[in-house]
Amino acid sequence: MITIGIVDNDRFALPMLDMPLTDIPGPEICRRVRAASADTVVLGITSYSLDHYRQLAIDAGAQGLIAKSVTPKELAEAMRNVLVRPFPGFPTTEQAHGSIVSASARWSRTLSKREREVLGLYADNYSTA
């Protein structure tokens, strides 16, 4: 589930991603958004430990991470703040996009065609069976 925080001109200006999703985890959705866009700000949200998901969110290209337990006022403040600048320790959208794209290019050069195909099937939720 992607919770949309702010919609601007029929475009998602601030997608909020639940980190521990079962079908496709939030960090993977974030990574896909980041690979496709250098300008969409992404805010992760979780009811689990922020410490557990912090580095995953950073590596996936998010600009911040908050707990689901925040008050509505704190949520609104976090949303306003992350649109201005990333949370401390999180990359800008441009930095994250560059990092994700260059990592993807490295994987494309180091993995065989079959290995990329298998990873794509895993990403589409297929099992080894």
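Listed for the R34 side chain is no donor-acceptor partner under 3.5 Å among the backbone atoms of A96. A donor-acceptor contact shorter than 3.5 Å links the side chain of Q63 to the backbone of P91. A donor-acceptor pair is defined here as one N or O able to donate and one able to accept, closer than 3.5 Å; no such pair exists between the side chain of R114 and the backbone of E117. T93 contributes a side-chain N or O that, together with a main-chain N or O of A38, makes up a donor-acceptor pair within less than 3.5 Å.
Just one of L50, I66, L17 meets the side chain to side chain contact (heavy atoms under 4.5 Å, CB included) condition when paired with I45; it is I66.
For the pair P25 and M19, the minimum side-chain heavy-atom distance is 4.5 Å or more. Between L65 and L43, every side-chain heavy-atom pair lies at or beyond the 4.5 Å cut-off.
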Residue pair T46, K68: steps toward the side-chain contact (heavy atoms from CB on, under 4.5 Å) verdict: CA-CA 5 Å; T46 183; K68 286 185 180 179; 5.7 Å; no
Check against side-chain contact (heavy atoms from CB on, under 4.5 Å), M16 and L75: CA-CA 11 Å; M16 291 179 15; L75 175 60; 3.9 Å; yes
Please table the atom pairs, donor to acceptor, closer than 3.5 Å between any side-chain atom in residues 52-59 and protein atoms at least two apart or in another chain.
residue, atom, partner, partner atom, Å
R54, NH2, P88, O, 3.1
Q55, NE2, D59, OD1, 2.8

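Shortest non-hydrogen contact noted between F90 and G64 is CD2-N, 3.5 Å. A62 and C30 get closest at one heavy-atom pair: N-SG, 3.4 Å.
The line from CD1 of I24 to CZ of R31 is 12.0 Å long, rounded to the nearest 0.5 Å. In this structure, OG1 on T40 lies 10.5 Å from NE2 on H97, to the nearest 0.5 angstrom.
For the salt bridge (Lys or Arg N to Asp or Glu O under 4.0 Å) test, residues two or more places apart in sequence or in another chain that qualify with R32 are E28.
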